[in-house]
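These numbers were taken from a predicted model, which means no experiment stands behind them. Lettering follows sequence order; numbering is per chain, from 1.
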Number of protein chains: 2
Amino acid sequence: MDIFLKTIGAINDETRIKILKFIDINGEVCVCDIENSFDMIQSRVSRHLKILKDAGFLKVKRVGRWAYYSIRDPLDIFRQNILKEIGFLDIELPTLNKECITNDTSK
Amino acid sequence: MDIFLKTIGAINDETRIKILKFIDINGEVCVCDIENSFDMIQSRVSRHLKILKDAGFLKVKRVGRWAYYSIRDPLDIFRQNILKEIGFLDIELPTLNKECITNDTSK
DNA sequence: TATTTATATTAATATATCTTGATATATAAG
DNA sequence: CTTATATATCAAGATATATTAATATAAATA
């Protein structure tokens, strides 16, 4: 029940739905990519990413001072269904803005 | 987005998850059945049922002074998946307590 | 080593949601 | 027509969640 509520609670927020779909579309991004793309302050982005990660939707890979977030793989069927449903939603997303010093996501 | 958030918001509550699973298992019930089974005050039950109905999970059939709630049919795939997931949850539900004056649900 | 950059966390405030008790409505029964 | 029953709605207080600003941590660079 607790895990289910954590999963549902994570997507019960417009900002997180957008961030989740954004990562699903653009693949691995760092915190500052989202900060720049969405024009949100850093603490807000960091907090939402943590909630999505703790709910099992995202994984994080730390390289140097960067944290790269991406869709967790493997993802169970239920979360896959949620992602699919979010994919159907007609929401406007910003284009990926890679202003961070980083130019390579591949490290 | 609004409909999606309403759907998710409806199941982002332990009480409603229990009520939804209860109705899924027991079939059509009236408000007072839930009131008696869960030992909750009427306004609370009524409110949660309305939220679940407005979110597309339940339908209501009014007969005389009673309101019979049941799982909406047809139910889209996404809500079906949610119901299935809730079905997997290991939560304790009360047994159906039909203390209301009504004895027949079939009218 | 001191400074800058990327991220995380915390505290305060704002906003939303839940619960309860009171009241409203509508049907049935006396 | 008055009373009782079933349900719905509303207002007030309690609780949870989101946002911001400030601070902490940790790695890279000067």
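- Contact annotation: A:R44 side-chain N/O to D:dT19 OP1/OP2 distance is under 4.0 Å.
- Nearest to the side chain of B:A67, among D:dT7, C:dT20, D:dA18, sits D:dT7.
- Remark: P of C:dT7 and CD of A:E35 are 7 Å apart, rounded to the nearest angstrom.
- In this structure, A:R62 reaches the sugar-phosphate backbone alone: every heavy-atom distance under 4.0 Å involves primed, P, OP1 or OP2 atoms, never a base.
- Contact annotation: B:R16 reaches the phosphate of C:dC18 (side-chain N/O to OP1 or OP2, under 4.0 Å).
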message: Using the rule given for side chain to side chain contact (heavy atoms under 4.5 Å, CB included), can you reason through B:T15 versus B:M40, listing the C-alpha separation, both sets of side-chain angles and the distance that settles it, and then say yes or no?
response: CA-CA 10 Å; B:T15 303; B:M40 282 185 197; 3.3 Å; yes
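- For the OP1/OP2 pair of C:dA8 and a distance below 4.0 Å, the side-chain nitrogens and oxygens of A:Y69 include at least one atom meeting the criterion.
- The side chain of A:S43 lies closest to D:dA21 when the candidates are D:dA6, D:dA21, D:dT7.
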message: Evaluate B:K6 against B:D2 for salt bridge (charged side-chain N to carboxylate O under 4.0 Å, His left out), listing each step before the verdict.
response: CA-CA 6 Å; B:K6 189 177 271 191; B:D2 292 345; over 6 Å; no
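- Between B:K18 atom NZ and C:dC18 atom P there is a gap of 15 Å when expressed in whole angstrom units.
- Note: CE (A:M40) to P (D:dA21) measures 15 Å, nearest angstrom.
- Regarding contacts with the backbone of C:dC18, a side-chain N or O of B:R47 is found under 4.0 angstrom from either OP1 or OP2.
- Distances were taken from every side-chain heavy atom of A:H48 (C-beta onward) to each of D:dT19, D:dA28, C:dG21; the shortest belongs to D:dT19.
- Taking atom OH of residue B:Y68 and atom P of nucleotide D:dT5, one finds them 16 Å apart after rounding to whole Å.
- Among the heavy atoms of the strands, none lies under 4.0 Å from A:N12.
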